[in-house]
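What follows is a short report on a single structure.
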Amino acid sequence: LFFVLPAAGFFTVGFMMAIFNKVETAFKTWTGK
Amino acid sequence: MIGENMRKTGSISVLALALLLLTLLTASCVSEHRFVKRAAFKKTNSIEIDFAGAVDEAWAKDIGNYAVYEEPDPDIHLAITRVTLGHGGRTVVLSLEDDLDKNVPHIVTLTEIMSDGKSQGTAILKVVKPYLGILLSILIGAMVINNFVFSKYLGLCVFFGCSQKRSTAIGMGVTFTIVIICSAMMAWFLYQFVLKPYHLDFLQIIVFIGLVSLFVQAVDTILRKVNPALFKSFGVYLVLVIANCIIIAVPLMLADNEYNAWESLMLAVGAGLGFLIALFLMACVRERLELADVPPSFRGLPIAFIVGGLFALSFMGFSGMSLF
């Protein structure tokens, strides 16, 4: 598990950032700004 | 004339390097007995002993004549399963039940060595891993097996900040390696000769950060004059090297493990080259990703992190590898 953690950390941060980007885009479209 | 001088200097340096390597290699061949030439680890669970002459087969095959234990634990004798005689009786290979921890020196006792019916006395031998092997293990370990970026998740700000272009990545990797080598060697010197003797260990983080900032500032000043284009492409990330986790981790590790100057140098070079490799690999992929059809929400850093995860998975393949 110790060796898998760094890879899991990279993937988690990558997917979280993508989700934030998606939400931000959706919010901007919704508010029209 | 100048070319000839340079060739001479080059050959002298190669000779000096070869001598140094030879010294480091032979430093590990320990033999404290006139009849025993060499004792060394062989494979994962064997010890090979070379004698100056042929030993008697009856003596050699008797397991009771041998005792093997780790130097720190003289009371715990390791179980010998088999003794193999070779090279006309001049070599004995002891096979042990369990794998040996080659990082720990082992003691082998040979009771009353018999050769041609005469006793050659009892020998107590110390078996150690070749010192060059230890140094190379530290170097390869820091560079690939325990790569600081992909295996320890350290130094990510500079890693993602400077991996967009290959030229910037190489420049940052080289700068980083120079800074880490200089600061680690200086940190080792200060730790060994000032902090440790005066019991100021608690100040090590502050002292190490100060040292790193000194070297980064020097590189900053030099690079501004020597290569302004590269300096501009680094942007804020050159100053961020001061607070880089890898650059702080290396002095802390060498202080914790009580490394000597050579081992510290290997750790610093390994960490620097490991970071250079990581940066270069990432830059190659990110340059290609610029032209790829990436989903809009993944463009930029998210896809870079996922690529980083894939690299970390592939570097996981090196974990637990033992080369020397």
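Chain letters run A, B, ... following the sequence lines, proteins first, then strands; residues in each count from 1. Keep in mind that the numbers below use all heavy atoms, side chains included, and drop hydrogens, waters and symmetry copies.
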Write down the atom of A312(B), the atom of P6(A), and the distance for their closest heavy-atom approach.
CB-C, 4.4 Å
Parallel, tilted or perpendicular: rings of F150(B) and F10(A) (30°, 60°):
tilted
Inspect the surroundings of NZ in K196(B) and state if more than 12 heavy atoms from other residues, nucleotides or ligands are less than 6.0 Å away.
yes
Looking at K22(A), I'd like to know if its NZ atom is crowded, meaning that more than 12 non-hydrogen atoms belonging to other residues, nucleotides or ligands lie closer than 6.0 Å.
no
More than 12 heavy atoms from other groups under 6.0 Å of CD on E290(B)
no
Write down the atom of N21(A), the atom of P302(B), and the distance for their closest heavy-atom approach.
ND2-CG, 3.6 Å
Do F305(B) and T12(A) have side chains that approach each other closer than 4.5 Å (heavy atoms only, starting at C-beta)?
no
Please indicate whether L252(B) has more than 12 foreign heavy atoms, meaning atoms of other residues, nucleotides or ligands, lying under 6.0 Å from its CG.
yes
Would you say that L310(B) contacts F11(A) through its side chain, given a criterion of any heavy-atom pair below 4.5 Å between the two side chains?
yes
Separation of I303(B) CD1 from M17(A) CE (nearest 0.5 Å):
12.0 Å
